[in-house]
Each structure stands twice: as structure tokens, then as C-alpha cells.
Protein chains: 2
Amino acid sequence: MLREDVTEAIRAAVFEELATVGYARMSIEGIARRAGVGKTAVYRRWRSKLHLVLDLVSALAVQGLPAPETGGLEGDLRMLYEVTSRALRHPVASQIIPDLQAEAARNPEIAEALQKALREGQEGVALKIVAAAEQRGEVRTGLDEELALDLISGPLYWRSVVIRSPKLPKGYLAALARATAEAIKAL
Amino acid sequence: MLREDVTEAIRAAVFEELATVGYARMSIEGIARRAGVGKTAVYRRWRSKLHLVLDLVSALAVQGLPAPETGGLEGDLRMLYEVTSRALRHPVASQIIPDLQAEAARNPEIAEALQKALREGQEGVALKIVAAAEQRGEVRTGLDEELALDLISGPLYWRSVVIRSPKLPKGYLAALARATAEAIKAL
DNA sequence: TTACGACGAAACGGTTGCGTTCCGACGTCA
DNA sequence: TGACGTCGGAACGCAACCGTTTCGTCGTAA
């Protein structure tokens with residue numbers, strides 16, 4: 001029987017290694033070293049670095065987010081942004097996400113795992129928000145939902161991950177939610 | 001006198017290596033091999049992988065883009081998106097950008113070079129577009145310009161680089177420009 | 001024509017990680 | 001108490017690169 005505490009130590013070490021050196025530079029030896037564990041313990045659980053990371057990413061994907069229901073598009077967006085920006089504020093997340101995203105450009109399996117995690121998280125919630133607004137008649141029915149999702153997710157990602165703005169000014173999320181709601185209503 | 005054709009072969013090889021294996025995995029030996037050149041030729045020009053990449057990125061930053069002037073916010077955005085999406089369509093660009101972007105999270109020098117290239121390219125043009133719209137009275141003066149830039153740049157980046165949508169449906173850029181113009185007018 | 005310097009190729013010793021194997025120590029369950 | 005399986009640690013041979021040095025070749029400019 002594999003010891004759960006050892007498994008957990010390895011998992012934690014992988015996250016830290018991913019954040020500090022990135023997927024490409026990450027080595028099994030480094031993971032074992034950081035976890036205070038023998039290489040054997042790692043190989044006994046996962047066949048390779050890829051399997052290890054795929055396993056972790058898939059596990060993350062499981063945690064489905066609840067869709068906000070404030071009764072209005074702008075309010076729903078505001079809540080989504082609140083949750084998302086809090087998640088992106090964690091240094092670990094903001095280091096790991098772009099790294100895996102870049103890796104996904106080269107590795108279809110990572111790309112798929114990442115897409116799935118995204119779809120079950122952020123994108124899934126956004127889609128529910130748009131559908132609810134459609135049903136309320138708040139926005140045009142039959143609008144391009146993919147475009148709506150880009151309008152919703154793009155700006156905050158750009159600001160937090162690409163521009164890497166350390167913190168958002170007060171009122172930013174509220175203004176973003178208002179502007180995005182207007183954009184979607186214009187579709 | 002260093003031979004210019006050799007220098008150019010190295011530069012081209014670096015782009016190819018960056019695209020195929022990424023910054024982290026890229027090696028001087030690999031670059032020289034791909035360029036059909038001795039390692040000495042590389043080291044004679046650049047002290048390290050970092051200097052080499054910084055040099056290339058800085059060189060890219062120089063090419064300033066012209067700001068579109070259609071006389072309207074939506075039209076200007078439309079033209080900006082046309083140019084940007086064409087650039088992002090090149091596989092080399094769409095592979096290298098997220099890779100360097102992830103690397104920038106760990107290396108301040110790369111981050112700075114990338115920010116500078118961004119500011120002198122995409123972001124610079126976007127800022128001019130917003131300023132022109134302000135002057136025309138098309139949008140509220142004194143609006144949050146950083147937020148406007150996020151609204152402009154975020155969605156297309158999200159769609160092209162994060163979602164990695166292979167090609168955009170007909171009419172997508174037009175609809176995006178319209179929706180974004182509405183969003184900015186709502187600021 | 002001669003001198004210089006960049007060129008590609010090869011080798012240097014050193015480091016790191018690969019994936020595997022063997023070891024003795026420890027814990028758990030029968 | 002004994003058997004089993006996981007544990008951390010160490011070593012295996014192998015491969016890739018590091019940054020440097022040495023070599024003989026070739027092109028160019030004085």
C-alpha cells in the first residue's frame with residue numbers, strides 16, 4: 001500500500017517546482033529532492049513527468065465552480081471576476097498557468113487536459129451566465145456565444161497574466177463587469 | 001569582421017528552436033547545429049542564451065506599427081484586429097509568444113524586453129486609438145485608459161493564444177470591434 | 001603575397017538528469 | 001513472530017550540454 005503522506009508530499013513538490021522552474025526544466029530528481037523522498041517513490045506512482053502533471057491538472061479540473069445568480073448579467077460577471085481575480089492573485093497559479101499554457105502549444109495531451117480544466121471551470125461558468133442572460137431576454141438570443149466568452153474572459157486574463165499587473169485598482173472589476181455587459185448586449 | 005550571413009543563420013535558427021522546443025529547452029549546441037554553424041560562432045556574438053534572446057526580442061520591438069485612422073473608434077479597432085490576428089496566425093509567433101511570456105514570469109530581463117516590445121507595438125497603437133476617440137468626443141474623456149486597453153487586447157489574445165482557436169469565423173473581427181467599441185463607450 | 005581573423009569541427013572536463021537496480025530500515029498485517 | 005512491501009539512499013551506465021580550447025581551412029584586406 002502506497003503511503004498517502006508521501007504521495008501528498010510529491011504532489012506539493014510538483015506544484016512548487018512547476019512554479020519556480022517551470023515544466024520544461026522540472027526534473028524527477030528535483031521533485032524527489034524537494035519532497036524529501038526517494039526517486040523510487042515517484043516512479044512507483046507515475047511513469048513520467050508528463051503523467052504526473054497530467055494527473056495533477058486533471059484533478060484540478062474536477063472542482064467545478066458554482067455559477068453566480070444575481071439576477072443580472074452585470075452582477076453575475078462581477079461575481080465571476082471577483083472569484084477569478086482572487087484565484088489569479090495566487091503567485092503559484094499565475095506562475096504555473098502561463099507555463100503550462102506555453103507547454104500546451106507543444107504537447108497535445110497537456111493542451112487537452114488544460115482545455116478540459118478550463119471548460120469545466122471559468123468557461124463553463126461564463127457560458128451559464130450568458131445563457132441565463134439570454135433566457136432573461138437581457139441580451140439578444142442567438143448571439144455568438146464563443147465571442148461572448150472571449151469578451152468575458154479575455155480582458156482580465158490579459159491584465160493579470162500577460163501585463164502581469166500586480167494588483168488591480170479599486171473599482172476595476174466593477175467597471176470591467178459593466179463594460180463587458182454592455183459589449184455583450186451589443187452583440 | 002563577423003560574417004553577416006552566419007549571424008543571420010543563427011538568428012533564424014534561434015527562432016526555429018524557440019518555436020519547436022521553447023526557451024527553457026533550447027541549447028546553444030542545438031542552435032549551432034540547426035544553423036549549420038560552430039558553437040564558437042555563436043559564443044563569439046552573444047555571451048549566453050539569455051543575451052541572444054534579449055537581443056532578438058529587442059530587435060522586434062523596434063518595428064513600430066502605424067496607427068490606423070479611419071475616423072471612428074470601431075473602424076480603428078477593426079483595422080487593429082486585422083493586423084494583430086494576421087500576426088498571431090503565424091505558427092512561429094503563436095508558439096514563441098506564450099513561451100517567452102511564461103519565461104518572463106521567472107526572468108525580469110525577459111519580462112522587461114517583452115513589455116517594451118508590447119508597449120511599442122500593440123499597446124502603443126491601442127492607446128493612440130483610444131486617445132483619438134477621446135479627442136473626437138466619441139468616448140468619455142478621463143476614462144480609465146488601462147481598462148480600455150485590456151478590453152481591446154484581451155479578447156483576441158484569449159481566443160488566439162489561450163483557446164488556440166485555429167481560425168476565426170467570418171465576421172468575427174467585425175463583431176469583436178463593434179462590441180469592444182460599445183464597451184469602451186460605456187466606460 | 002602575406003597576415004589576420006572568422007570559420008567548422010572536434011575534443012576537453014564537469015554537471016545534470018535519465019530510468020533502473022540494489023540495499024538495509026521500518027511498519028503493518030496475519 | 002514472520003513475511004511482505006514501501007521507504008530513503010546510493011550507485012549504475014548513458015546521454016545531453018555546458019563554456020573553453022585547439023586545430024586546420026578559407027576569405028579578405030593591406
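Quick caveat: nothing in here was measured; it's all calculated off a predicted structure. Note on naming: letters A, B, ... go to the chains in the order of the sequence lines (proteins, then strands), and numbering restarts at 1 for each one.
Contact annotation: Arg33(A) side-chain N/O to dA10(D) OP1/OP2 distance is not under 4.0 Å. Between Arg3(B) and dC7(C) there is no side-chain polar atom (N or O) within less than 4.0 angstrom of OP1 or OP2.
Residue Arg45(B) contributes atom CZ, which lies 17 Å from atom P of dG19(D) at whole-angstrom precision. Rounding to whole angstrom units, CZ of residue Arg25(B) and C1' of dG17(C) are separated by 13 Å. Atom pair Leu2(B):CG and dC4(C):C1' shows a separation of 14 Å (rounding to whole Å applied). Note: CD1 (Ile31(B)) to P (dC17(D)) measures 11 Å, nearest angstrom. Separating the CZ atom of Arg44(B) from the C1' atom of dA9(C) is a distance of 12 Å, rounded to the nearest angstrom. We find that CG of Asp5(A) is positioned 14 Å from P of dT6(D), with the value rounded to whole Å. A straight line from CG of Leu52(A) to P of dG17(C) spans 16 Å, rounded to a whole angstrom. One can place CE of Met1(A) at 22 Å from P of dA3(D), the figure rounded to the nearest angstrom.
Counting only N and O atoms by type, the side chains of Tyr23(A) and Asn107(A) include no donor and acceptor under 3.5 Å apart.
For Lys116(A) and Glu112(A), the salt-bridge test fails: no basic side-chain N is under 4.0 Å from an acidic carboxylate O.
Placement of Val21(A) and Val14(A) within a single hydrophobic cluster is found when ILVMFWY residues are connected by side-chain heavy-atom separations under 4.5 Å, directly or transitively.
Here Glu74(B) pairs with nothing under the salt bridge (Lys or Arg N to Asp or Glu O under 4.0 Å) rule; sequence neighbours left out.
With hydrogens and angles ignored, the 3.5 Å screen pairs no side-chain donor or acceptor of Arg34(A) with any backbone N or O of Ile31(A).
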Measure all distances between protein nitrogen or oxygen atoms and nitrogen or oxygen atoms of nucleotides 18-21 of chain C, and list the pairs falling under 3.5 Å.
from: dC18(C); atom 1: OP1; to: Ile28(A); atom 2: N; distance (Å): 3.0
from: dC18(C); atom 1: OP2; to: Ile28(A); atom 2: N; distance (Å): 3.2
from: dC18(C); atom 1: OP2; to: Glu29(A); atom 2: N; distance (Å): 3.1
from: dG19(C); atom 1: OP2; to: Tyr43(A); atom 2: OH; distance (Å): 2.6
from: dG19(C); atom 1: N7; to: Lys39(A); atom 2: NZ; distance (Å): 2.9
from: dG19(C); atom 1: O6; to: Lys39(A); atom 2: NZ; distance (Å): 2.8

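Within the structure, ring-ring contact (aromatic ring centres under 6.0 Å, His included) contacts touching residues 119-169 of chain B (residues at least two apart or in different chains) are Tyr157(A)-Trp158(B), Trp158(A)-Tyr157(B).
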